[in-house]
Colleague: 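Starting off with a structure, shown below.
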Amino acid sequence: MKPSIPRGTRDFGPAEMQKRQFILNIIRKNFELFGYQAIETPAMENISTLTGKYGEEGDQLIFKILNSRIHENKNKDLLKKEFDLSLESSRNSEELTEKALRYDLTVPFARFVVMNQHQLSFPFKRYQIQPVWRADRPQKGRYREFYQCDADVIGSDSLVNELELISLMDKCFSELNVQITLKVNNRKILAGMAEVVGAADRMMDIAVAIDKIDKIGPNGVHKELSDKGFTLEQIQLLFSAFFIQTTDFKDFEPLANIKEKLNYLKEESKYKGSLVFQKGIEELEYIMYNSNVSHLKFELDISLARGLNYYTGTIFEVKANAGTFTPSILGGGRYDDLTGIFGLPNMSGVGISFGVDRIYDVMEELNLFPENISKTASCKLLFSHFDLETQNHSLALAAQLRTNNISCEVYPDITKKLGKQFDYANKKNIPFVCTVGSNEITSGEYSVKNMQSGEQEKMTLSLLLERLKKGQ
RNA sequence: GUAGGUAUAGCUCAGUUGGUUAGAGCACCAGAUUGUGGUUCUGGGGGUCGUGGGUUCGAGCCCCAUUACUUACCCCA
């Protein structure tokens with residue numbers, strides 16, 4: 001049988017793991033630096049926990065788990081009926097499936113908060129670094145299993161949380177050495193537009209269409225909106241707001257300029273009468289004017305929508321500035337009532353999610369990993385030997401090195417061929433090889449070879465320890 | 001769901017208008033060198049050309065089907 005893994009999933013070898021850990025360590029360190037605490041939730045959730053939170057498209061991409069022991073279910077007629085029904089529509093049948101793999105970390109977090117509300121003290125700040133699964137068609141930068149690194153604050157509607165999250169990502173990407181642009185928008189602006197246009201319940205339709213303006217252009221958006229049944233008047237009204245963005249807001253601009261645009265939207269646009277719209281603008285203003293960032297570029301983009309249903313306020317999206325491959329590598333936003341569905345209303349939360357796998361891909365393309373990262377040796381020294389006696393002696397020496405916190409290993413097989421053992425050390429980038437033969441055992445002086453310089457020297461164990469401790 | 005591309009050694013790929021026994025580099029094993037790797041030289045093992053059918057005197061190459069992988073759209077980290 002030919003071994004294989006499901007498409008869209010990957011194995012990570014030692015070289016890749018070095019790089020992944022590099023990214024994860026920076027993110028984790030900063031999460032903790034900003035006061036977030038780690039939690040974990042199960043890979044699978046009850047299907048009802050997940051559905052209805054991500055929008056129609058998202059719900060389709062949830063990996064469902066077939067009920068186990070389905071053959072033991074006595075009601076075969078019902079099972080067959082449910083199966084036939086599920087062939088025709090995407091509805092979930094509890095008879096067939098009641099669990100699913102998590103689609104993101106935010107919804108399981110909301111569930112966690114509701115279930116543990118009496119143990120937690122609010123505002124609660126948590127971080128979570130775990131894989132999620134999406135039944136997508138894989139392609140470049142898109143996997144069916146990938147890691148998200150989430151930081152969320154729940155139980156506080158202060159915009160200071162947004163400011164903190166922005167400086168958190170600023171710091172992370174600065175340490176990762178990735179040049180990025182942060183796009184910010186506010187769902188209230190979109191909601192206000194939908195309201196003024198007279199289609200408050202169709203905010204997501206409008207948002208998704210408008211979001212595409214960079215890709216398909218104004219005509220494309222016009223067509224998509226009219227296909228969805230919006231009238232010419234409605235479309236023109238919508239365009240009056242975001243057209244400003246497409247012509248003038250395209251690239252990073254000085255703060256003064258952004259200010260001018262925001263003032264226009266607030267005081268002169270056709271939306272100035274909408275309270276929600278005004279609130280959205282005010283929130284955006286606060287964030288734009290109070291953020292203290294040193295690394296990232298800001299971009300106000302009122303066409304930014306994001307597909308997830310649960311966002312209600314600020315929304316974030318980050319892309320790398322350089323390279324040909326620039327998917328979004330971070331997303332996030334504020335959700336005012338995600339816990340409400342589970343019975344805990346008035347819990348506003350805001351969070352961001354780093355896409356490690358895409359950050360990896362971007363850094364790989366741009367060559368941003370530190371130079372020697374995958375050449376890092378697994379350990380400091382290898383003991384080579386000739387027979388059972390010298391191997392045993394090596395094991396004893398290894399134990400002493402480890403007592404002194406020096407990583408080392410003993411060649412596991414017994415062979416007269418030193419070349420093979422040196423080759424092993426060479427391939428694993430082990431910087432020193434200590435050869436233990438019967439001569440060495442009697443004299444107490446071991447041959448230690450520096451694999452980089454090729455120099456070899458005889459020394460006692462205590463001298464060896466001293467040298468290795470000094471990092472020589 | 002829609003539309004393309006690819007499939008030849010463990011890996012990356014050549015393979016001419018269809019024509020003897022299908023090649024290279026890397027990797028692997030052995031020797032030159034029985035106590036020394038990374039350099040060099042010599043030799044060696046490795047392939048049902050994704051699978052099934054068709055055209056042909058003859059198919060790795062052409063046609064059809066199928067599977068896997070991959071890219072783009074949709075959507076998203």
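Everything quoted here is computed from the prediction, not taken from an experiment. Note that these values count all heavy atoms, side chains included, but never hydrogens, waters or copies made by symmetry.
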Colleague: Enumerate, atom names and distances included, each donor-acceptor pair closer than 3.5 Å involving a side-chain atom of residues 316-327 of chain A, sequence neighbours excluded.
Modeller:
{"unit_1": "A:E317", "atom_1": "OE1", "unit_2": "A:R306", "atom_2": "NH1", "d": "3.4"}
{"unit_1": "A:N321", "atom_1": "OD1", "unit_2": "A:T181", "atom_2": "N", "d": "3.1"}
{"unit_1": "A:N321", "atom_1": "OD1", "unit_2": "A:T181", "atom_2": "OG1", "d": "2.5"}
{"unit_1": "A:N321", "atom_1": "ND2", "unit_2": "A:I180", "atom_2": "O", "d": "3.4"}
{"unit_1": "A:T324", "atom_1": "OG1", "unit_2": "A:E365", "atom_2": "OE2", "d": "2.8"}

Colleague: Please tabulate the protein-to-nucleotide N/O contacts below 3.5 Å involving nucleotides 26-28 of chain B, giving atom names and distances.
Modeller:
{"unit_1": "B:C28", "atom_1": "OP1", "unit_2": "A:K427", "atom_2": "NZ", "d": "2.7"}

Colleague: Whether the side chain of A:E440 and the base of B:G35 hold a donor-acceptor pair under 3.5 Å is what I'd like checked.
Modeller: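 Such a pair is found, so the answer is yes.
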Colleague: With 3.5 Å as the limit, what N/O pairs link the protein to nucleotides 2-8 of chain B?
Modeller:
{"unit_1": "B:U2", "atom_1": "O4", "unit_2": "A:R137", "atom_2": "NH1", "d": "2.9"}

Colleague: Please give, in whole Å, the distance from B:C75 P to A:D136 CG?
Modeller: 12 Å
Colleague: At under 4.0 Å between heavy atoms, how does the protein contact nucleotides 40-47 of chain B? Give one character per nucleotide, 5' to 3', with B, S or -.
Modeller: --------
Colleague: Can you find a side chain N or O atom of A:K417 that sits less than 4.0 Å from OP1 or OP2 on B:G31?
Modeller: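 For B:G31, OP1 or OP2 has a side-chain N or O of A:K417 closer than 4.0 Å.
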Colleague: Requiring both pairing distances under 3.5 angstrom, list the stems that contain RNA chain B and are made of three or more consecutive Watson-Crick or G-U pairs.
Modeller: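 Runs of three or more consecutive pairs: B:1-7 with B:67-73, B:10-13 with B:23-26, B:28-32 with B:40-44, B:50-54 with B:62-66.
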Colleague: So, is A:Q139 near the phosphate of B:A72, with a side-chain N or O under 4.0 Å from OP1 or OP2?
Modeller: yes
Colleague: Holding to ring pair (Phe, Tyr, Trp, His ring centres under 6.0 Å), I want the full list of residues that pass it with A:F146, two or more places apart in sequence or in another chain.
Modeller: none
Colleague: Is there a donor and acceptor pair, one atom on the side chain of A:K140 and one on the base of B:U71, closer than 3.5 Å?
Modeller: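 Absent.
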Colleague: Look at A:K212 and B:C75 and indicate whether a side-chain polar atom (N or O) is within less than 4.0 Å of OP1 or OP2.
Modeller: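 Affirmative; the distance criterion is met.
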